[in-house]
Amino acid sequence: MARSWDKAAVVLCMDVGLAMSNSFPGEESPFELAKKVMTMFVQRQVFAENKDEVALVLFGTDGTKNALAAGDQYQNITVHRHLMRPDFDLLEDIESKIQPGSQQADLLDALIVCMDLIQEETLGKKFEKRHIEVFTDLSSPFSRDQLDIIIHNLKKSGISLQFFLPFPIGKQGGTGDRGDGSLLSDHHGPSFPPKGITEQQKEGIQMVKKVMMSLEGEDGLEEIYSFSEALRQLCVFKKTERRSMPWSCQLTIGSNLSIKIVAYKSITQEKVKKCWTVVDARTLKKEAIQKETVYCLNDDDETEVSKEDTIQGFRYGSDIIPFSKVDEEQMKYKSEGKCFSVLGFCRSSQVHMKYFMGNQVLKVFAAKDDEAAAVALSSLIHALDELDMVAVVRYVYNEKTNPQVGVAFPLIKDAYECLVYIQLPFMEDLRQYMFPSLKNNRKCTPTEAQLSAVDALIDSMSLVQKDEEEGTIEDLFPTSKIPNPQFQRLFQGRKKTIYFFSSHEEGPTCKKLKTEEEEAHFSVSSLAEGSVTCVGSVNPAENFRVLVRQKKATFEEASHQLINHIEQFLDTNETLYFMKSMDCIKAFREEAIQFSEEQRFNNFLKALREKVEVKQLNHFWEIVVHDGVTLITKDEAPGSSVTTEEAKKFLAPKENANADSAAAFEEGGDVDDLLELI
Amino acid sequence: MPAAMTTAEMGDEARVSSNNMSGWESYYKNEGDEEEEQEEGLEAGGDYSYSGRDSLIFLVDASRAMFESQDEDELTPFDMSIQCIRSVYTNKIISSNRDLLAVVFYGTKKDKNSVNFKNIYVLQELDNPGVKRVQELDKFKGQEGKKYFEDQIGHGSDYSLSEVLWVCANLFSDVQFKMSHKRIMLFTNEDDPHGDDSAKASRARTKAGDLRDTGIFLDLMHLKKRGGFDTSLFYRDVIIAENEDIGIHFEESSKLEDLLRKVRAKETRKRVLSRLKLKLNKDVTLTVGIYNMVQKAYRPPPVRLYRETNEPVKTKTRTFNVNTGSLLLPSDTKRSQTYSHRQIVLEKEETEELKRFDEPGFILIGFKPLMMLKKHHYLRHSLFVYPEESLINGSSTLFSALLTKCLEKEVMAVCRYTPRRNSPPCFVALVPQEEELDDQKIQVAPPGFQLVFLPYADDKRKVPFTEKVMANPEQVDKMKAIVQKLRFKYRSDSFENPVLQQHFRNMEALALDLMEPEQAVDLTLPKTEVMDKRLGSLVDEFKELVYPPDYNPEGKVTKRKKDDESYGSKRPKVELSEEELKAHVSKGTLGKLTVPALKEACRMYGLKGGLKKQELLDVLTEHFQKA
């Protein structure tokens, strides 16, 4: 868990100006995308339950509300929320309260407001990190006058910046620190310049680059992200991610040679930390419940004995041996404190990956600010690398932990070099299973035809793209950049999370491949989406589209699933879900026209109207009317008999609600209601 | 994994109690732990919660030839067999003490068996391995053992292998427990036991066939014989390779080490963690078994004993309502979490469902070159994947084709893997592994795929790396010399776990009433003396090249160390001079200092002060008052 010394103050600074709502047909606007990225960020913050505080500043708003506003200065900038712990209210604000503005505001002015806010509101509080995340399309004009002062002040006050833009900017190579081997480039996305960009935006990009370069040097460019990149990776919020605790020790070789080192966990399985507590079903309080453990003899009466009358023992084969805690403590193995001692060196091929165990990877560096140690460790790293050897070491975290034997192998990057430590098994941990040979077994020898079919399969499902000219391989599916869907789901779950359970679609959505052959693109991306087997509740509209288009389910089946979700959403009677329902209904309508299923949609919409009346979801119907989602007319689809006139009338408010139909549903009308009506 | 073990035990308890307790009382399992236990239990695999016990009879030829060694220093085949059996016993005590073991001698003078067959001596019936039994085996070790055997049991001249097998079969049928696996290991150096009696030979073959039909496996652990052990004379027809062992044929063993490996290979029965579908695409699916080849071995969990009688007691956990005192049924409780003041309440089942994503199995996403697998992206220990023919026919063939091609094209298969119904998916790489045999023709690497877990973005952490300072070639070369001097051949079974070993030595000592437990040799400690000797002057030469003259790499310089720990330099520096401290002590204002400052001060004076502020204050005050 984050400690107080690791606390961050973050200002989300979002452009809501006029241009943010513009988008190409069929694409989400920068406004929506920025909201998505912010939502994801805040969700993580809320569930991480750390002490970070988050503020939200909007610029391009119709109104003005900030501490610096005076006269015509700092106009159209609104401090929507001050620095405080993020919560569900903030999430809801982002999702529904933030509206696109019709103004433009100076990005640099907004930055100054953010800086001012951070400085004012962190006064007297301890924050290890201060950070501003800017979401903008850079289409508003800005005045450069203060740029240098801003940069100077950012540096001085130790505020870091990250930019999120609707398009990728060209960046070269990188430090290699983000990644992962210089040979295998993970970079993707079209190279600069993006299409359809205005002069103003180009100027904005130059400015952003300049700011970032002057703040962090070349690395600064790494902190400029496109929305899609951010949505895909999530881990881009580097400023708030968990840091590892340093572990200082000496690497020893024999008794006379030691090198001062510091090690950090670099990979460890992130688990959902919070457990479910047991609460009383009626009061929902955990205090109402108590647990009691009793001991009893293994006789017919199950005679209870008190804990004091029991002692500790261990099984040793068929024997059970009494062994008190005190004796155990005294006789047990003692490790003599922390160490990182080389036991010997061996060829790297002898330590196979299949023997790796334990739950962490440590990166071992030379101690900070110790050049002698750095050179000594570097010698070892390069010696091992050049000899293709590894060190086998004894590792003890501290005197209370058990010793491990592990491997330390060299890892050399552009920006840094280190040893990587991973635990190896003890003899007791190994299971030497043998398996029948597959080679000399007639029963399972594949035919030539089978072999070539598999060969073709492997070729057709390659997840890499080779660039013959540059000799690089691009990873089209970098799994280690995909966030764990379990957390995603956790974030989406709130209150009665039940509606979200049936989602089957949260697999990795492979980024769009920029291959020319559309077919290849389809096969890989659909594979990644391969998990869409039914309409889930997280992206129901999208799932629905995939299902009917890929004909994975009949239109009838898919629409039934979709309707189920719409129904569930409406039952929450929350605006948030109304919007989600609207997306579903719109998707249903579009696809129905496409697939000549207009009758199905029209029946549904009619049933929905009835339902809305019965359940008094007038507010929802207002949205339907507002968005003008009505019956499919015969102008839109030849199969329909509805005229435009009738369609219009359909949305008009009914004067007298039909009492009979109301009686038919009453309370407790369930999920099947709508389906039955179709 | 203690939790896993308790699951098995609690499982037993639950069954017993539900029989003789009324409904509401039977609800006493520790709710909160349950979920985790289940999960870990499954992870650990190979526990007894779902299968019976393994049983194994060591059948040892005790004819005179088994006691003859070919030269002085060599162990006799009999001695080798006994040592090997003893090793299995002690290993079983550690790894799976519920398994049943037995030892039967044949070709003896005396006889001891339930059907009074001649020349067959049942030394130990099928039972858990324990200290007494190990001690009994020890009596047969070495030269003294040979004499002991001759005095107590003696060599016989005649025996019938079919009767021997009959006795073994009886041992199995006398066992009351449910057995998951029955196996006989036959140790002999006689390749033609009934060469002169074809009727006996034929009866033995028939009996061996009967055993096979009743699910008893018979393995031949043939030992060195002058002129070579010829399996074709007799044993080839008796020991018909079981289906699962196609292609594994051992050479005869002349060394204990070889014999041990063979026995280990046979006695550790493969336990499949799960059988799952591997979907190559929409239409093509095969089934595979998942196996655990490395699994952290833990000290067994303690058991609670009744002080008076040392008998184990049962544990019950009851959940009740504080206000009414009434016991609560599972349905009377819900699960809750609170995030920023909002409570989320779910039914227990719903919390389970929250973890449900896909049906269990693998979904192939695509292939990547093997070289793209990053060693330093290790997440958790890998598993092993082998085809499972029993569910979908042809799985082995398709699997074999996939393996062949992946090896040939040097690619791995990236899959989405859902191990169980209620577990979230993860990405894995199926890394092809070719079968490897050693010179004894013992399989050292089975054919199949290594299932390597790939980290999610969430699992990776960015670390604040130390600035790169490159060593020069001369320095690197010197280190190379050091590395070369300390070269050794790594074997995965080179290191014993000193913690476990010590625990079991302690147990052994207590069980045998020894005064002092044997100290386990800690193989994880560096052999510094040998290392120093081997390195000679290299270390000093290296230090001269790398370290400044006044540099002390062991430097317990508190200042420097603090810098390392405080990560950046934001933590306020706490340095207090002796005068300041003294002043604080005398004025009684020591309490104004922060805990880190106090700790630092303690460290400076080498005082052990505990963790609490008051404790720190006490030691410091004491120190300065004394001074």
Side-chain angles (χ1 to χ4, degrees), chain A residues 87 235 248 254-258 264 270 276 278-279 281 293 295 309-310 312-313 316-318 321 331 333 341 344-346 350 354 356-357 365 372 374 376 378-379 382-383 394 402-403 405 416 420 425-428 433-438 444 446 450 454 458 461 463 479 483-484 486 501, chain B residues 93 97 128-130 246-247 270 294 297 302 304-305 307 313 317 334-336 340 353 366-367 376 378 381 396-397 400-401 405 424 427 443 446-447 454 456-458 463 465-466 469 471 475-476 479-480 483 488 490 493 495 497 499 502 506-507 524 526 528 531-532 539 546-547 551 553 564:
Chain A
D87 52 23
C235 46
S248 305
S255 63
N256 292 322
L257 181 53
S258 41
Y264 301 91
E270 208 59 36
W276 294 95
V278 181
V279 295
T293 304
Y295 300 95
D309 285 335
T310 65
Q312 180 185 264
Y316 183 73
S318 50
I321 296 156
M331 287 168 75
Y333 176 88
S341 304
F345 299 95
C346 68
Q350 284 168 2
K354 68 183 176 189
F356 288 0
M357 59 184 295
F365 300 94
S378 174
S379 316
H382 287 273
R394 167 188 158 101
N402 293 334
V405 168
Y416 65 93
V420 174
F426 286 119
M427 185 267 280
E428 293 90 338
Y433 295 156
M434 291 196 188
F435 291 83
S437 175
L438 292 171
C444 58
Q450 285 167 325
V454 171
I458 293 174
M461 291 179 72
L463 293 176
T479 53
N484 188 340
Q486 199 189 358
F501 289 167
Chain B
I93 287 176
N97 59 35
N128 308 123
I246 307 160
K270 296 191 286 280
V294 252
R304 287 258 131 220
L305 308 175
R307 190 185 289 279
V313 295
T317 309
K334 289 191 176 184
R335 300 294 174 277
S336 144
S340 82
E353 276 180 63
F367 296 88
H376 59 282
Y378 162 85
H381 72 79
S396 306
T397 314
S400 174
K405 280 296 168 185
F427 289 117
Q443 192 179 55
L454 304 174
Y456 278 117
D458 314 71
V463 298
F465 53 80
T466 308
V469 186
Q475 293 161 331
V476 174
M479 184 53 94
K480 274 192 196 168
V483 168
F488 79 113
Y490 173 79
D493 56 0
F495 301 97
N497 183 343
V499 178
Q502 191 56 54
N506 292 345
M507 289 298 107
T524 71
T528 40
M531 288 168 84
D532 290 347
V539 169
V546 173
Y547 289 155
Y551 181 80
D564 291 344

field: Donor-acceptor contact present, side-chain A:Q312 to main-chain B:P302, <3.5 Å
entry: no
- prompt: With only heavy atoms counted, which part of A:V420 is less than 4.5 Å from chain B, the side chain, the backbone, both or neither?
  reply: side chain
- line: Okay, A:S341 and chain B: the region with an atom under 4.5 Å from a heavy atom over there is side chain
query: For the residue pair A:L257 and B:M479, what are the closest heavy atoms and their distance?
result: CD2-CE, 4.3 Å
- prompt: How far does CG of B:N506 sit from CE of A:M331, to the nearest 0.5 angstrom?
  reply: 3.5 Å
query: Out of B:L454, B:T528, B:D532, which one racks up the most heavy-atom pairs below 4.5 Å with chain A?
result: B:D532
- prompt: Would you say the side chain of B:R307 lies within less than 4.5 Å of the side chain of A:T310, judging by non-hydrogen atoms?
  reply: no
task: Kindly give the heavy-atom pair with the smallest separation between A:M434 and B:Q443, and that separation in Å.
output: CA-OE1, 3.1 Å
- request: Could you tell me which portion of B:P526 (side chain, backbone, both or neither) has an atom closer than 4.5 angstrom to a non-hydrogen atom of chain A?
  value: both
field: Heavy-atom closest pair, residues A:P403 and B:T524
entry: CB-OG1, 4.2 Å
- prompt: So which of B:A401, B:S396, B:P446 has the biggest tally of heavy-atom pairs under 4.5 Å with chain A?
  reply: B:A401
- request: Using a cut-off of under 4.5 Å on heavy-atom pairs, state which of B:V546, B:L305, B:D493 scores highest against chain A.
  value: B:L305
message: Below 4.5 Å, heavy-atom pairs only: which of A:F365, A:F345, A:Y295 has the largest tally toward chain B?
response: A:F345
task: Could you tell me which non-hydrogen atom of A:Q350 sits nearest to which non-hydrogen atom of B:F488, and how far apart they are?
output: OE1-O, 3.7 Å
task: Name the member of A:P446, A:P425, A:S379 that forms the most heavy-atom pairs with chain B at distances under 4.5 Å.
output: A:S379
- request: Flag the one option from B:Q502, B:K405, B:M531 with the top tally of heavy-atom pairs under 4.5 Å to chain A.
  value: B:K405
task: To the nearest 0.5 Å, tell me how far B:Q475 CD sits from A:H382 NE2.
output: 11.0 Å
